[in-house]
Number of protein chains: 2
Amino acid sequence: MNLTETQQKFVQTWGTLGNNWGINKTMAQVHALLLISERALSTEEMMDSLQISRGNANMNARALVDWGLVTKEMVSGDRRDFYSAKKDIWVIARQIAKQRRQRELEPVISALAELRTEMPKDSAHAEMLKRVNDIQDFSIKVDKMLEKFEKSDENWFYKTLLKMM
Amino acid sequence: MNLTETQQKFVQTWGTLGNNWGINKTMAQVHALLLISERALSTEEMMDSLQISRGNANMNARALVDWGLVTKEMVSGDRRDFYSAKKDIWVIARQIAKQRRQRELEPVISALAELRTEMPKDSAHAEMLKRVNDIQDFSIKVDKMLEKFEKSDENWFYKTLLKMM
DNA sequence: TTAAACTTTCAATTATTTCTGAAAGAAAAA
DNA sequence: TTTTTCTTTCAGAAATAATTGAAAGTTTAA
């Protein structure tokens with residue numbers, strides 16, 4: 001897979017976006033590459049296209065599988081692993097929402113809940129108590145909203161959007 | 001401001017969360033500190049509480065002002081700057097949404113739009129064209145949703161949440 | 001078996017980000 | 001003016017994260 005200039009620019013853009021959102025740049029680039037490829041790619045092809053090492057390609061491809069954004073595919077008569085990205089943007093968005101909720105939001109909700117039980121009810125902690133309560137309530141709301149989104153279909157999103165406006 | 005163990009834990013938790021979301025850990029910690037303080041704090045107090053250098057305290061406090069999460073306050077008869085965080089979680093959430101939209105989402109939307117105009121209409125770019133179109137459409141939807149959220153009040157959010165469920 | 005073709009791991013290296021602290025800058029007080 | 005008190009900047013140091021590449025591990029074929 002030899003990238004045209006335009007394709008490289010896309011891969012680059014996606015990498016920058018990912019990076020801004022706290023995602024490894026290479027991981028985002030591998031994802032971009034797979035997104036615009038019409039067939040599944042081997043590790044070798046990813047290494048070539050993105051000029052990265054074998055270890056890096058392998059690690060990031062598997063991280064993407066972990067995130068549920070990419071699937072590993074076997075081609076009969078070929079011993080190599082091939083990777084292919086899910087192409088539906090709604091599926092992708094939902095998957096990312098799901099993973100971030102699990103990995104980043106839920107731990108905070110638990111940590112805050114724990115903090116709440118441990119918190120002395122004295123005046124030194126009065127301000128903190130307010131903040132922790134507020135943030136906890138808010139986080140749970142966001143959590144529920146994301147959960148709903150994860151289970152939704154595209155159509156639901158459109159309808160909700162309409163209702164919102 | 002000498003932190004109790006519980007307060008330290010909160011600051012720590014907030015720092016970890018921020019870090020996960022691609023935000024500088026210290027910046028998140030300074031924010032947490034200001035969130036649970038009932039009065040505005042001086043640079044010196046932030047340095048003490050978080051065990052960080054003057055430069056670091058100053059830089060991150062000002063970054064928070066940049067993000068619109070913190071305001072600089074002057075106390076008459078005192079030459080020092082004091083910093084105080086906005087306390088309302090809805091205001092905070094909206095402000096973060098606004099900033100991330102501006103800083104991270106809009107650049108991607110422009111980059112994709114530009115890409116779209118430059119993209120050759122040949123078969124080598126067919127797959128990419130589909131992806132770029134889909135992502136672009138989706139990004140604009142999210143952009144609009146965030147814009148709506150930014151201008152909303154707490155009440156609107158609750159109502160929308162209800163409608164969604 | 002043994003060899004071949006691939007994948008995975010991980011210690012060492014490289015790159016990036018963050019932090020420090022001292023120096024320079026700015027504003028008020030003496 | 002000069003001094004004092006505080007803020008800001010920024011080059012270098014430290015910490016963290018990402019990447020490499022070679023060796024070890026696996027699986028299939030010969």
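Fair warning: this is a prediction, and the values are worked out from it, not measured in the lab. By convention in this document, chain letters (A, B, ...) are assigned in the order of the sequence lines, proteins followed by strands, and residues within each chain are numbered from 1.
Taking atom CG of residue B:Asp78 and atom C1' of nucleotide D:dT5, one finds them 10 Å apart after rounding to whole Å. For the pair A:Asn58 CG and D:dA23 P, the computed distance is 18 Å after rounding to whole Å. In this structure, CZ of A:Arg62 is placed 13 Å from C1' of D:dT26, rounded to the nearest angstrom. The CG-C1' distance, from B:Asp81 to D:dT8, rounds to 10 Å in whole Å.
In this view, A:Trp90 and A:Phe157, A:Tyr158, B:Phe138 satisfy the ring-ring contact (aromatic ring centres under 6.0 Å, His included) rule, not counting sequence neighbours.
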Step-by-step salt bridge (Lys or Arg N to Asp or Glu O under 4.0 Å) determination, A:Glu106 to A:Arg101: CA-CA 6 Å; A:Glu106 306 229 295; A:Arg101 187 167 75 83; 3.2 Å; yes
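Side-chain contact check for B:Gln99 versus B:Ile96: every heavy-atom pair is 4.5 Å or farther apart.
Counting non-hydrogen atoms of neighbouring residues, nucleotides and ligands closer than 6.0 angstrom, the CD atom of B:Glu118 exceeds 12 such neighbours. Residue A:Asn2 places its CG atom among 12 or fewer non-hydrogen atoms of other residues, nucleotides or ligands, all under 6.0 Å distant.
If you check residues 29-45 of chain B against DNA chain C, you find no residue with a heavy atom closer than 4.0 Å.
Using a cutoff of 4.0 Å between basic side-chain nitrogens and carboxylate oxygens, A:Lys9 and B:Glu114 are scored as salt-bridged.
In this structure, A:Tyr83 reaches the sugar-phosphate backbone alone: every heavy-atom distance under 4.0 Å involves primed, P, OP1 or OP2 atoms, never a base.
Side-chain atoms of A:Ser37 never come within 3.5 Å of backbone atoms of A:Leu33 as a donor-acceptor pair (strictly under, hydrogens ignored).
For C:dT8, the OP1/OP2 oxygens have a side-chain nitrogen or oxygen of A:Lys72 closer than 4.0 Å. Of the side-chain N and O atoms in A:Arg80, none sit less than 4.0 angstrom from OP1 or OP2 of C:dT7.
Under a cutoff of 6.0 Å and an axis angle of 45°, A:Arg100 and A:Trp67 do not form a cation-pi pair.
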Under 4.0 Å protein heavy-atom contact, by nucleotide of nucleotides 16-30 of chain C - B base, S sugar-phosphate only: --SSBB-----BBS-
